[in-house]
Each structure stands twice: as structure tokens, then as C-alpha cells.
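One structure is given below, encoded as C-alpha cells.
The chains referred to below are lettered A, B, ... by the order of the sequence lines, with proteins before strands, and numbering in each begins at 1. This structure is a prediction, so every number in the text was calculated from the model and none was measured.
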Number of protein chains: 2
Amino acid sequence: MLPAGQPKFRRRKADRPEEIVRAALTVFASKGFAAARLEEIAAEAGVSKGALYLYFATKEDMFRAVVAQGLAPNLAFIQAAAASAPAFADLARTLAALLPQVAERAPIAAIAKMVIGEARNFPELARVWHDQLVGPVIATFAHAIAAAQARGEVRPGDPRAYAVSLASGLLLGLVFNETFAPVGAAPFDIPALARQHVETVLAGMLTNPGARP
Amino acid sequence: MLPAGQPKFRRRKADRPEEIVRAALTVFASKGFAAARLEEIAAEAGVSKGALYLYFATKEDMFRAVVAQGLAPNLAFIQAAAASAPAFADLARTLAALLPQVAERAPIAAIAKMVIGEARNFPELARVWHDQLVGPVIATFAHAIAAAQARGEVRPGDPRAYAVSLASGLLLGLVFNETFAPVGAAPFDIPALARQHVETVLAGMLTNPGARP
DNA sequence: TGCTAATAACTGACTGGTCAGTTATTTATT
DNA sequence: AATAAATAACTGACCAGTCAGTTATTAGCA
């Protein structure tokens, strides 16, 4: 019996890798690395399992590609913002407004969850994420904070710890929603949480908090 | 050939379950649920694989036992602290000093990592953790914060979001150390981080921050 | 106090199912 | 007709869970 109409597949060598990575992200993010089935990734990508192996050598390679994809854009984004910020408080407020938007589009939280969860099984991924994203971001912030301390804008204290304090509210909110909203928890309004958190921490960090919005 | 000396095992029905749960925690925490091998848990517990099934019906049951073990003591601890705190700022400072000690003894961070990572595969565990630990803790804090707002101690703002702001620094620090210290990252001094974070957030929350330590 | 029978904690080889990865074959495309 | 993208049936390794047999321990009896 010939369906005659549509061909049963198309040859689309150029588009497949991206589609497969996107599908792999979806499945890895919801199941974790080990529990993810290649059949499911293939189905999600609209392709057979064998076809995956035309573009990736192993399941681990797919995982690496997914994690790598979540890396480059974010760091560039943050460092650009840091470079162009006049005062420290402005940088913090700008990021607090922008990051929730980024998090809505790109599944940072899902990827971060995976990196955290699989760090012991894929130490080289944890290393790449630390060396290329988390470390530089903390360092960038700490540097900006230390400079602000030198100018007398920010109170004394460990700049790295201040960086963690600033970022932690948003991150914890994202992880909370990702983890507990599916089981019925009232989710946080992330942009609102980010705004209040950053204003609160800034008010605690700055020597002269000035006008609170 | 008779070894004659030591017997090849001891019968210790009473102690086994606890030992197995401890071993399972070690292995689950380092490998994640799916990648953990029962042979390894058995070896860690000093027992054969078959013996595990004398005490637990399935691998999932062992996971449940591990997660449950990390639950009860913590909530009781926090609610006791909340009940006996005179002013809100004291409660926050007390917990900031005590929680790092708790985290050193009990592997809260490791268990939390597992719950987060496996939440999609074990929704009922995520639900239990939310309903019995995370939710009540947030609610307890939010309640204390709302009361402090009514007394004019704390500035206006969403009490739940304030609760997240307070707790997030410590939690993120714990997760950071757990995830990135093994790959060479400089770990945070958790008690110091907790102290600075809570003082910073308190200074941003309180209407009259008063004397800063 | 020693000897033996009965019990159940424990072992480790085995099995059945699952799934990452391979390959023979089909199909779209030039 | 030639090429290579894609499929789908296949293989082999791995591992959760089982169970027949072994051994430590206790109970009963002398």
C-alpha cells in the first residue's frame, strides 16, 4: 500500500543538528540525563533513532551540545551589560530587569538544573560551566562591586559574597518554580521577585541607598 | 578450604535499614538516582545486593527513604526556632548562624539537589518535600515577616519574596560548593556567607536597620 | 555445659527486560 | 544511475530484581 502523497521523510542535513539539540534539551530537562530515552528525543525531533547517530556520536555528545548551547549567549550578554553600566546600582537593576526575560525565552533554569544534577557524573561539564559562565559572571560582579566599594558606593564586605546575594533570589525563584510549580505550588512572579530582591539587597549594600523606587 | 577466622557475615537485622539508607544517600548523592547501582549501595553498606531486598521492596523505595530521612528533623528545627524568636531580625540572625551547622552535619544540600534533579521523575517526592518542608518554611517566614510589617519593623513588599531573599544566599552558596568545588572552584565559607547575606538583606528589609554588627 | 535441630539473615548466580548503539536496507535527491 | 540521508530491525551489554542455597544464630534437649 503506497500512501503516494507525502514522502515519508525529507533530507534536511542542514537543519537536523539544531532540531535534535532542541529536542534533546526538552527531554533531558524533563527527565534528566540517564532517564532520557533516545527514542523519545528522536520522536521529539521528528526523526528515527538511527538518524541521531548521523549527527552525534553518543548520547553524552548530545548532552554536551545541549549544555554548550546554553552557555555562550548568556555570558556575552552579561559581560556586555557589565561593560556599559555607569554605576554599580544601575548594572544590578538592569540585569534584574533583563534576566527574567532571558530566562523566559532560553531555558537557563532547566539547563542549570541539569548541570547541578549531573555535575558528579560529568565533571568536565561542571568545569566548563564554571570556567566559562558561572566563574566569570561572579568575577565580573565581584570586580564591579570592589570598584564600587573603592568609590565608597558600597559598604565593606566580601565582594564575591555580595555577588551571590544579588543573584541568589532570582535563581532560587527560577528553580523553585521549575521544581515545585508542577506539583501544585503557587509559582513566584519572577520579574516581580527579581525587582524586589535586587532593591532589597541593594538597599543593604549601598552606603547611601538613596531613592527607593 | 575453611577460612576459619572471621565469619563471612553477621546477622544484624536491627541496624541494616539505617546503614542501607546511609549508604544509599552517599551513592544517590554522588551519582543521582538513575546512575546509582544497587551493587554499589550494597557494597557501601557492607552487604550483598540480595540483602537490600530484605529491607526495601525496590530501588525507588530506597530513594524515598533517603529523602524522607532529610525531612522531619529540619522542619521541626526551623519551626521551633520561629516560635521562640522575640523579634523578626533575631529569628533571621539565629537561623543564619544555625543552618550552616546543620548543613555540615546533615547532607541537606545533597538531598535538595536530588529532589530538584528528580522532581519530574518523582513528582510525589517533590510534592512531599514541598508540602512538608519547603512550603511550611516559606509560610512560617512569610508569616513572621508580615507580622513584622504590621509592627512597622519591615518595609512594605511581598512577604514570600522577602523570605526567598533571606534564604537564597545560603542555599545558593551550598549548591555552588556542592557542584563546583569538586572541579576546582574556590568554595565559599558558608557561615561567613550566611552572616553577610542575612545582614545585607536585613539592612534592606528593616525600616530602621539600627546597629549593624 | 555441650550437642543438635530449627530458624531466618544473608549471599551470589541467574533472568528477563530495557536501551544505547549498529547495520542492512529503503528512499529522496541530483 | 549514483549518492547519501534516513529508516527500522537488530545486537549486545547492563542491571533491577529473584531465588535456591549457605551460614550465623537461637532454642531445645541431654
Side-chain angles (χ1 to χ4, degrees), chain A residues 1-28 30-66 114 118 121-122 125, chain B residues 1-28 30-66 114 118 121-122 125:
Chain A
M1 168 233 195
L2 298 173
Q6 304 299 335
K8 67 191 282 192
F9 62 84
R10 291 293 166 82
R11 305 174 67 169
R12 291 170 38 246
K13 188 184 168 85
D15 298 332
R16 296 296 192 204
E18 188 187 327
E19 294 172 4
I20 291 170
V21 169
R22 193 160 49 234
L25 167 61
T26 306
V27 179
F28 282 141
S30 83
K31 302 283 176 68
F33 176 79
R37 304 289 146 230
L38 290 187
E39 289 281 11
E40 192 179 349
I41 294 175
E44 178 81 25
V47 105
S48 72
K49 187 169 73 159
L52 301 179
Y53 284 89
L54 298 171
Y55 302 98
F56 297 92
T58 65
K59 186 184 182 183
E60 293 198 11
D61 271 6
M62 289 174 220
F63 189 67
R64 274 181 257 277
V66 166
M114 285 167 36
E118 301 290 345
N121 298 327
F122 296 90
L125 280 189
Chain B
M1 167 231 191
L2 298 173
Q6 304 300 333
K8 67 191 281 190
F9 62 85
R10 292 290 166 86
R11 304 174 65 173
R12 293 171 37 246
K13 186 185 170 84
D15 299 332
R16 296 299 192 200
E18 187 188 329
E19 293 173 3
I20 291 171
V21 169
R22 193 162 48 235
L25 167 62
T26 305
V27 179
F28 282 142
S30 84
K31 301 283 175 66
F33 176 79
R37 304 290 146 231
L38 290 188
E39 289 281 9
E40 192 179 349
I41 293 176
E44 178 81 24
V47 106
S48 73
K49 190 167 72 157
L52 301 179
Y53 286 89
L54 298 172
Y55 301 100
F56 298 92
T58 63
K59 186 183 183 184
E60 293 198 9
D61 272 4
M62 289 175 218
F63 189 66
R64 276 181 255 276
V66 166
M114 284 166 35
E118 302 289 347
N121 298 329
F122 296 90
L125 280 189

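A 4.5 Å side-chain heavy-atom check between A:Glu60 and A:Phe33 finds at least one atom pair inside the cut-off.
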Candidate pair B:Met62 and B:Val21, rule side-chain contact (heavy atoms from CB on, under 4.5 Å), full reasoning: CA-CA 7 Å; B:Met62 289 175 218; B:Val21 169; over 6 Å; no

Trace of the salt bridge (charged side-chain N to carboxylate O under 4.0 Å, His left out) decision for A:Glu19 with A:Arg22: CA-CA 5 Å; A:Glu19 294 172 4; A:Arg22 193 160 49 234; 5.3 Å; no

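Going from atom CD of A:Glu19 over to atom C1' of D:dA5 covers 14 Å, rounded to whole Å. Summarising the geometry, the separation between CG on B:Asp15 and P on C:dA9 is reported as 13 Å, rounded to the nearest angstrom. Atom CG of B:Leu52 and atom P of D:dG17 are 10 Å apart (whole Å). As rounded to whole Å, 13 Å separates atom C1' of C:dA8 from atom CZ of B:Arg16. C:dC19 atom C1' lies 12 Å from atom CD1 of A:Ile41, rounded to whole Å. Rounded to an integer number of Å, the gap from CG of B:Leu38 to P of D:dC14 is 16 Å. Atom CZ in B:Phe56 sits about 13 Å away from atom P in D:dG17, given to the nearest Å. Atom CZ of B:Phe9 is separated from atom P of D:dG21 by 16 Å (rounded to the nearest Å).
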Where do N or O atoms of nucleotides 12-18 of chain C meet protein N or O atoms at under 3.5 Å, pair by pair?
none

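Note: B:Glu118 CD to A:Lys31 NZ = 12.0 Å, rounded to the nearest 0.5 Å. With rounding to the nearest 0.5 Å, the separation of OH in A:Tyr53 from CG in A:Leu38 is 4.5 Å. Between A:Met114 atom CE and A:Phe122 atom CZ the span is 9.0 Å, to the nearest 0.5 Å. Remark: A:Ile20 CD1 to A:Leu52 CG distance equals 5.0 Å, nearest 0.5 Å.
Across all strands, A:Ala36 comes closer than 4.0 Å only to sugar-phosphate atoms, never to a base (heavy-atom distances). At the heavy-atom level, A:Leu54 lies under 4.0 Å from base atoms of the strands shown. Within 4.0 Å (heavy atoms only), A:Ala42 reaches no atom of the nucleic acid at all.
Within the 4.0 Å cut-off from OP1 or OP2 of C:dA28, not a single side-chain nitrogen or oxygen of A:Arg12 is found. Between A:Tyr55 and the phosphate of D:dA5, there is no side-chain N or O to OP1/OP2 separation shorter than 4.0 Å.
For D:dA24, its base sits under 3.5 Å from the side chain of B:Arg11 at one donor and acceptor pair at least.
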